[in-house]
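As the structure is a computational prediction, the values presented were derived from the model and not from experiment. Counting starts at 1 for both ligands and their atoms, in listed order.
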Amino acid sequence: MKKQILFVDDEHRILTGLERMLHGKRDVWDVTFACGVDEAQKALEMKKIDVAVLDINMPGKTGLELLSEIKNNTETKNIEVIILTGMLDGDLKYKALELGAADLLNKPVQKEDLLARLRSVLKIKAYHDELVEHNVLLEQQLIQSQKMELIGHLSAGVVHDLKNILMGISGYSELIVFSLDGNSQAKDDLIQIRKSTQRATDIIQQIHRFSQQGVKVEKECSLGLIIDECVNLLKHSFSKDISIDWHTSETIWLLEAESIQIYQVVMNLCVNAAQSMADGGRLQIRLSEVNLEEESGSKKQISASGHHVMLEVSDTGIGMDPETLEKIYNLSFSTKQSQGGSGLGLSIVQRIVRNHKGFIKVKSQPGCGTTFSVFFPLSGIN
Ligand SMILES: Nc1ncnc2c1ncn2[C@@H]1O[C@H](COP(=O)(O)OP(=O)(O)OP(=O)(O)O)[C@@H](O)[C@H]1O
Ligand SMILES: [Mg+2]
C-alpha cells in the first residue's frame, strides 16, 4: 500500500514547489497538499496519513498547535510529523521536537533534503508500527495462554465431579442389568447407556489431559504426541461430515519448544481448516522430514536450511483467492467476523513459528481447499 503524506502550508506558492519536487514519487507515495489548517484537518479526518509535513507559522492555528493536536488524539498520534521552519523560528524548533515532531526541515526546502528526511521518517514509522503490532500480538498470545492455564486448573475440578456423576450412572445401570433376567430389550438398552457413559468419561479425561499438558512449560515437546492429543479432542467437536485423516506417527518428532505454543499452532490450523468446510470434507494432517537446501516461506518469513519436520494441514474447504492470501497473517484480518472470528489465529501461529526459527508456506485456490505447510527445525535429539 502506498504511504500517505500530507503537506500543510498557508502559501500556495510553497505547496506548488513541493508538488514539483515530489512529482517523480507519485507511484510510491500518495501525496495530499492542504492550504491552511482547515484543509489539513479535513485531510486528517478523511485519510490514514503516515507522515505530515507542517509549516510552523500559519494564520489561525500554528503548525505547533496542529502538531500537538495530532499527538494528543488517539486516532492520529502515530502520524510522524516533520516541521517546516524558517531562519527566524529560533526556539520554536526545539519546542516542536519537545511536542513530538520527528524531524525539522529548513525553508527554502531543497529537494534532496526533503526526500532524504521523508525516507528516514517513513523508516522510523515502519519500525514503530511493527513494534506496536508485536506488542498487541504478544498481549493476545499471553491472554490465550492464560486462558488455557485457567481452563487447566478449572478442568481438574470439573473432571472430578463429572467422573463421579458418570460413575453413579454407570454403577446403577450395572446393578439393574444384573437384576434383569434373560435377554430383555431393557437389558440391551442399559448396556448401551453404560457404553455411552464410558465414552463420556474418556472424552472428559482427554480434555483434562489436554489442558494439563498445555499448562506445563517444557523445553522440548513431541509434535507427534501433540497432534494425537489435538486430534482426539477435535474429533468430538467437529461436525460428523468432516473426516480427519491422521495416522499416529511412529517418530515422535522432538521440537525445542514449549508444548503450549505448539498446541496453539496445531489447533489454530485445524480449526481454520474445519471452519472452511462448513458442508463437510476431509482434514488431512501429515508429518515428514525434509532436508532443506535453502528455502524460505511466504511473506515476512525467514529462510532456512537443514533438517526440518514439515507439518502439513490440508483441507478440502472453500480455499482462498490471492487477495485474501496476501492478508491472512495481518493482525485482526478475518473473513469470519460475523461468526465471531477475531483474525488473531494465524498472526499468533506466524509469531510462534518464527520464534522457533521455522517458517510457513500456504497453497490455496478458491473452491479447491488449502494446505498450510509449517517447517520447524528438528532438535538434535531426534
Ligand atoms: N484453511 C483455510 N481455508 C480458508 N480460509 C482460511 C483458512 N485458514 C485461514 N483462512 C483465512 O484467513 C483468515 C484469517 O485466519 P485467522 O485464523 O487469523 O482468523 P480467523 O479464523 O478469522 O479468526 P480467529 O482464528 O481469531 O478465530 C480467515 O478469516 C480466513 O479468511
Ligand atoms: Mg482462525
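The protein heavy atom nearest to atom 16 (P) of ligand 1 is L346 N, 3.6 Å. Considering only non-hydrogen protein atoms, atom 26 (O) of ligand 1 sits nearest to S342 OG, 2.5 Å. Closest protein heavy atom to atom 28 (C) of ligand 1: K336 CE, 3.6 Å. Looking from atom 31 (O) of ligand 1 to the surrounding protein, the closest heavy atom is T335 OG1, 2.4 Å. Looking only at heavy atoms of the protein, atom 1 (N) of ligand 1 is closest to D315 OD2, 2.9 Å.
Interface atoms of ligand 1 facing S276, defined by a heavy-atom separation under 4.0 Å, are 3 (N), 4 (C).
Checking N272 against the Mg ion (ligand 2), an N/O/S atom falls under the 2.8 Å cut-off.
Classification of the F7-F33 ring pair by plane angle, with boundaries at 30° and 60°, yields parallel. Between F359 and F375, the ring planes are parallel. Angles under 30° get that label, and only those over 60° would be called perpendicular.
Nearest residue to atom 22 (O) of ligand 1 from G341, S334, G319 is S334 (criterion: closest heavy atom). If you check each of G340, G345, G343 against atom 23 (O) of ligand 1, the one with the closest non-hydrogen atom is G343. Comparing M320, Q339, K327 against atom 10 (N) of ligand 1, the shortest heavy-atom distance belongs to M320. In this structure, of N272, T316, N268, the residue bringing a heavy atom nearest to atom 8 (N) of ligand 1 is N272.
The only member of I285, L269, V266 that meets side chain to side chain contact (heavy atoms under 4.5 Å, CB included) when paired with C230 is V266.
Atom-to-atom distance recorded for S259:OG and Q264:CD is 10.5 Å, nearest 0.5 angstrom.
The shortest separation from a heavy atom of F372 to ligand 1 is under 4.0 Å, placing the residue in contact.
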